[in-house]
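Just so it is clear: chains get the letters A, B, ... in the order the sequence lines come, proteins before strands, and each one is counted from 1.
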Amino acid sequence: MYNTELKRYFSQELLDWYEVNKRDLPWRRHRDPYYIWVSEIMLQQTRVDTVIPYFHRFIERFPTIQSLADAPEDDVLKCWEGLGYYSRARNLQAAARQVTELYGGVMPSGKDEVSGLKGIGPYTSGAIRSIAFNIPAAAVDGNVMRVLSRYFLIEEDIMKVKTRTKMEELVLTLVPEGRASDFTQALMELGALICTPKSPKCLVCPVMEHCTARYEGKEESLPIKTKAKPPRPEYRLTAIVEGTGVHEGKILIRKRPSTGLLAGMWELPHVIVPASANPAVMPEEPAMSHLQGALLEEGIPVLPIGHVMDAEHTFSHIHWNMGVYRCTWQDAPISSLQAAESAAAYETGIEQFRWIHVHDMERYAFPNVFIRILHSYFSS
DNA sequence: GAGACGTGGGA
DNA sequence: TTCCCAAGTCT
């Protein structure tokens, strides 16, 4: 598969380049497998600059696998607040508990053992085993597929599993003896700094001389990648519920279910409405009426007072259009029957709700969209 | 295989 | 402003 001299040149030049140009990143200051592991999970679909402060906080708060395993899940999510893809955090902790129970708290290095941990797929398994243990294992991510598709002119859709497995096989033939750790990092470093998605810096690339895509003028059009679908719109009415009586000065928050979007995170109560009722164009009265009725069905008796703001938030697959309304807690029952039903529903899920002061926000993990709304609300 | 799953930055 | 992401994994 491919010219042997082409490959030998690539590996050697890449390692030499990395030795001089590697960035000083926090997780590169140690060979601790736990640090490598945490960094690799955080770096999934996330930029280095974004990860760095999170990595420092996370390691300070959870210095060891054992400390992570022993922590309350809410603490882990709070530490992950704002990073996104929160299942990464919950899987990381679940995996820390696996390591504690199965391997005495010591990170394993075997392929089956590492791959068996929650949240660790083929890429992260290869990354941890090669970077932390210097084992010749393939860590093929978007960077690596971009670099290889260009250098070796691989014109196959990198979204396909078959393309990735092919690249994994190729990488294994490229790893210089005893240099797995540096080589894995060098490959990704080249993709991050030189062989970038747009406007690759070919003129300063250590392997430009033998890059096939460069030779054929195709470096800008590789890799081949199918386009992602645009996020579908959703329309939601959100309630900022102000407490009365013993809850005077507080607002109501609730915890999301343990699965699905933003699992385990805290939020403002909100309800979905049909696309035909886009809050941005929906008159206040019918919006407030719908919000009141829909929240009551969920066991939250409130009285909407008025429109506060509109907000938008884009997830990877959904775009939320939100109308935010100030509400008061419905002390006085609407009807005795409804009051009884809603009270029962509220009591049933009591641990999913909290009355909090603004400054208590720092004790709960909120998705970014609700942090923005709350900050906007309390600063005006 | 395709969709679910977040966020902030850069062109 | 809009688009495309950025060191993927799970179902």
Side-chain angles (χ1 to χ4, degrees), chain A residues 22-23 25-28 35-55 77 80-92 94-95 114-128 130-132 138-148 157-165 167-168 171 183-193 195-200 220 223 225-232 234 256-265 267 312-320 365-372:
Chain A
K22 65 180 175 187
R23 289 169 291 180
L25 300 174
W27 45 90
R28 283 184 178 161
Y35 290 10
I36 305 298
W37 179 19
V38 171
S39 72
E40 288 301 337
I41 300 298
M42 287 186 169
L43 286 163
Q44 290 171 5
Q45 306 290 287
T46 311
R47 287 179 164 76
V48 166
D49 289 344
T50 302
V51 165
I52 289 174
Y54 280 92
F55 177 81
L77 283 175
W80 211 271
E81 180 185 83
L83 246 196
Y85 285 139
Y86 299 101
S87 288
R88 292 184 297 174
R90 298 185 305 115
N91 286 336
L92 179 59
V114 174
S115 297
L117 299 173
K118 286 197 172 58
I120 297 186
Y123 162 73
T124 306
S125 172
I128 291 172
S130 62
I131 297 174
V140 175
D141 67 346
N143 279 320
V144 174
M145 289 196 282
R146 185 170 59 254
V147 170
L148 296 182
D157 189 344
I158 63 169
M159 299 298 280
K160 297 184 184 299
V161 174
K162 188 176 180 182
T163 307
R164 197 202 70 229
T165 56
M167 300 228 186
E168 287 173 348
V171 166
F183 184 73
T184 290
Q185 297 180 78
L187 208 42
M188 292 191 288
E189 197 79 336
L190 188 74
L193 299 181
C195 198
T196 48
K198 294 167 186 169
S199 307
E220 292 272 11
K225 188 178 182 181
T226 53
K227 276 190 297 188
K229 283 171 48 178
R232 67 173 185 275
E234 278 189 5
R256 294 182 62 85
S258 58
T259 59
L261 184 67
L262 305 170
M265 303 289 283
E267 66 176 6
E312 291 186 40
H313 186 75
T314 306
F315 301 97
S316 44
H317 58 308
I318 309 173
H319 180 83
W320 277 2
F366 291 94
N368 180 63
V369 55
F370 294 107
I371 291 178
R372 283 209 324 268

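Where DNA chain B meets chain A (any atom under 4.0 Å from a heavy atom), the bounding nucleotides read 5' to 3' are B/dG3 to B/dG9.
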Give each protein N/O atom lying under 3.5 Å from an N/O atom of nucleotides 9-11 of chain C, with the pair distance.
| residue | atom | partner | partner atom | Å |
| --- | --- | --- | --- | --- |
| C/dT9 | OP1 | A/Gly121 | N | 2.9 |
| C/dT9 | OP1 | A/Gly121 | O | 3.4 |
| C/dT9 | OP1 | A/Thr124 | N | 2.9 |
| C/dT9 | OP1 | A/Thr124 | OG1 | 2.7 |
| C/dT9 | OP2 | A/Tyr123 | N | 3.3 |
| C/dC10 | OP1 | A/Gly119 | N | 2.7 |

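With a 4.5 Å cut-off on side-chain heavy atoms, A/Leu261 and A/Arg256 count as touching. At a threshold of 4.5 Å between non-hydrogen side-chain atoms, the residues A/Gln185 and A/Ile131 count as touching. At least one side-chain heavy atom of A/Pro367 sits less than 4.5 Å from a side-chain heavy atom of A/Met265. Two residues are said to be in side-chain contact when any heavy atoms from C-beta on lie closer than 4.5 Å; A/Tyr85 and A/Trp80 fail this criterion.
Within the nucleic acid shown, A/Pro230 has no heavy atom closer than 4.0 Å to any nucleic acid atom. Using a 4.0 Å heavy-atom distance criterion, A/Arg90 is classed as making no nucleic acid contact. Nucleic acid contact class of A/Thr50 (heavy atoms, under 4.0 Å, all strands): none. Nucleic acid contact class of A/Leu187 (heavy atoms, under 4.0 Å, all strands): none. The residue A/Arg372 sits apart from the nucleic acid: no heavy atom pair falls under 4.0 Å. At the heavy-atom level, A/Gly260 lies under 4.0 Å from the strands shown only through sugar-phosphate atoms. Using a 4.0 Å heavy-atom cutoff across all strands shown, A/Lys225 reaches sugar-phosphate atoms only and no base atom. The residue A/Val369 sits apart from the nucleic acid: no heavy atom pair falls under 4.0 Å.
For the atom pair CG (A/Leu43) and CE (A/Met188), the distance works out to 8.5 Å, reported to the nearest 0.5 Å.
A straight line from CZ of A/Arg23 to P of C/dA6 spans 13 Å, rounded to a whole angstrom. Between A/Met167 atom CE and C/dG8 atom P there is a gap of 14 Å when expressed in whole angstrom units. Rounded to an integer number of Å, the gap from A/Leu43 CG to C/dG8 C1' is 11 Å. With rounding to whole Å, A/Glu168 atom CD is found 13 Å from C/dG8 atom P.
For A/Glu189 and A/Arg28, the salt-bridge test passes: some basic side-chain N is under 4.0 Å from an acidic carboxylate O.
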**Message:** Just to be sure I follow the notation: if a pair is Watson-Crick (purine N1 to pyrimidine N3 plus N6-O4 or O6-N4) or a G-U wobble (N1-O2 and O6-N3), each under 3.5 Å, what dot-bracket string does DNA chain B give, with | for pairs to another strand?
**Reply:** .||||.|||||
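Between A/Glu234 and A/His319, the side chains place no donor N or O within less than 3.5 Å of an acceptor N or O (distance only, hydrogens not considered). Under the 3.5 Å distance criterion, with hydrogens and angles disregarded, a donor-acceptor pair is assigned to the side chains of A/Glu40 and A/Tyr123.
Remark: A/Phe370 engages A/His270 in a ring-ring contact (aromatic ring centres under 6.0 Å, His included) (not counting sequence neighbours). Taking A/Glu220 as the reference, nothing meets the side-chain hydrogen bond (donor to acceptor under 3.5 Å, both in side chains) condition, with sequence neighbours excluded. The side-chain hydrogen bond (donor to acceptor under 3.5 Å, both in side chains) test applied to A/Thr46 returns A/Arg88, not counting sequence neighbours.
Atom P of B/dG6 sits at a distance of 14 Å from the matching atom of C/dT11, rounded to the whole Å. When the P atom is compared between B/dC5 and C/dA6, the two are found 23 Å apart, to the nearest whole Å.
A/Tyr54 contributes a side-chain N or O that, together with a main-chain N or O of A/Glu81, makes up a donor-acceptor pair within less than 3.5 Å.
With DNA chain B read from its 5' end, the first of the two nearest nucleotides for A/Lys160 and A/Lys198 is the one closest to A/Lys160.
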